[in-house]
Novice: 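My questions will all concern the structure given below.
Since the structure is predicted, the reported quantities are computational estimates derived from the model, not experimental observations. All ligand and atom numbering here is 1-based and tracks the order in the structure.
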Amino acid sequence: MAKAKIEFVCRECGSSHHQWAGQCLDCKAWNTLEEVVISQSISSKPATLQDLPPSKVHNLSSIKSENRLRLSTGLSELDRTLGGGLVEGSVVLIGGDPGIGKSTLILQAIAAINKDSDTFYVSGEESANQISDRAIRLGISEDILLLSETYLEKIIKISKELQPKVIVIDSIQTMVTDTSSSAPGSVTQVRDCAAQLTQFAKQTNTVVLMIGHVTKGGALAGPRILEHMVDAVLYFEGDAGGRYRIIRAVKNRFGAVNEISVFAMSEAGLQQVENPSAIFLSNQSKPSPGSMVMVTREASRPLLIELQALVDQSSGNPRRVCVGLEQNRLALQLAVLHKHGGITTHDQDVFVNVVGGIKVNETASDLVVMLSIMSSLRDKVIPSDWIAFGEVGLTGEVRPVYNAIERLSEAQKHGFKVAIIPKANSPKKPIKGLKLVPVEYLYQALQYMAENT
Ligand code: TYD
Ligand code: MG
């Protein structure tokens, strides 16, 4: 008998390794490798070409684009993030921390869809009564078909009979299938269940919405292992304790990525925030050292976001902590501050936080991060009507960012008075009420700050 092949698969990112290790070499997560037995093919004889169905080769130009039907979720912001609604036959993964509002959002969305098309809500986590309680709280009176079940083969069988347009699987980590013998929530179970559901979606042209928990403890396989299988991936950002939830499309085969929508959690579920540009400002009455506002651009809209830095004498190993920004970039920014701005932080703890729990991936945040670090270090208040943006390179140059004019007009609209911007982004025409400070090098921005604060 052939020996079964063993692989070690990371619960977080899904990469496979030949050997066990304490840390995944790909995503660098600790203790996430899980032993997986690869089942050897049972068929004794490999399929010959004659056995296979014929495949058709197409000419690209001869294919007519089908206008795929899109279902509206009733939440225009969510529709926009999806690229205009849910596409028939597509599989969408919705990931996020437990308790952030995944089940709430999806229940609201399918209640709207259910007005025109049949929907089917399968929960492996909650009983029908619990879902009904939530629906009452949300004021939903639609007759949605509910099933509390975790056995995938049963779910698929019932779905074939009911033929709904949309199926919700809450959550994919609670599902179990016969094809895998490992525990629910393990890499193989999650992957096998998702693969069968994807196949079902494509064969029957049904929309499958899969909910996936992101777990920091690593008890369950993370949704990242499914990202390549599905058509669209939406992640929830923001803290479960806070008011706002950001939904970001990190992958979308039918729309733009990095599109975001903002929701506020209320007594009656998630309410969309249609004009979120200024909600990430902390609105302190008295500005304090270390805080500054930046204008980022999240996909198709500019957002004003407040950044806070705290620089404090370190006792021992200096700490560098980022919340909402990339950790490695902070080390780089501190090195540039030292080399090109003459500012030493080697004996200081540096903490940087983005207000509101939103994640900023843009390098356009460099300049603001550096200025707020400087502000905290020197204990100097940056006036609350200043904004800045710009990428800072390793040679201390301030590089341009895209859509600068749009960012500036958003800042002007919200009453900001001074904008420190990359020189290459200077608009040709002045912007009314907004003083522009174009800088070519980091030291110029630091100098302007030192002279005017
Ligand atoms: P839930 O959708 O169950 O989260 P998830 O499915 O992501 O685990 O939402 C859980 C939180 O949302 C819970 O703490 C209660 C809160 N909530 C409200 O504040 N208002 C509401 O109307 C609802 C339904 C939930
Ligand atoms: Mg839930």
Novice: Look at the side chain of Lys102 and the backbone N and O of Asp97, then say whether any donor-acceptor pair between them is shorter than 3.5 Å.
Specialist: yes
Novice: Please say whether Ser103 places an N or O atom under 3.5 Å from an N or O atom belonging to ligand 1.
Specialist: yes
Novice: So that I can check it, does any N, O or S atom in Ser103 come closer than 2.8 Å to the Mg ion (ligand 2)?
Specialist: yes
Novice: Salt bridge check, Glu362 against Arg407: does any charged N sit closer than 4.0 Å to a carboxylate O?
Specialist: yes
Novice: With backbone taken as N, CA, C and O and side chain as the heavy atoms from C-beta onward, which portion of Pro98 lies under 4.0 Å from ligand 1: side chain, backbone, both, or neither?
Specialist: backbone
Novice: Can a salt bridge be assigned to the pair Arg224 and Glu12 using a cut-off of 4.0 Å between side-chain N and carboxylate O?
Specialist: no
Novice: Measure from NZ or CZ of Arg297 to the centre of the six-membered ring of Tyr402, then state whether that distance is under 6.0 Å and the direction lies within 45° of the axis.
Specialist: no
Novice: Any idea which part of Leu138 is under 4.0 Å from ligand 1, heavy-atom wise: side chain, backbone, both or neither?
Specialist: side chain
Novice: Counting heavy atoms only, which of Gln130, Arg137, Lys102 is nearest atom 18 (C) of ligand 1?
Specialist: Arg137
Novice: Ignoring hydrogens, just give me the one of Ser171, Ala135, Ser266, Gly96 whose non-hydrogen atom is nearest atom 20 (N) of ligand 1.
Specialist: Ser266
Novice: Which residue holds the protein heavy atom closest to atom 14 (O) of ligand 1, what is that atom called, and what is the gap in Å?
Specialist: Gly99 O, 4.3 Å
Novice: Do Tyr151 and Asp178 come within less than 4.5 Å of each other through their side chains, counting heavy atoms only?
Specialist: yes
Novice: Is a salt bridge present between Lys251 and Asp231, judged by a nitrogen-to-oxygen distance below 4.0 Å?
Specialist: no
Novice: Could you check atom 22 (O) of ligand 1 against the protein and tell me its nearest heavy-atom contact, residue, atom and distance included?
Specialist: Gly269 N, 2.7 Å
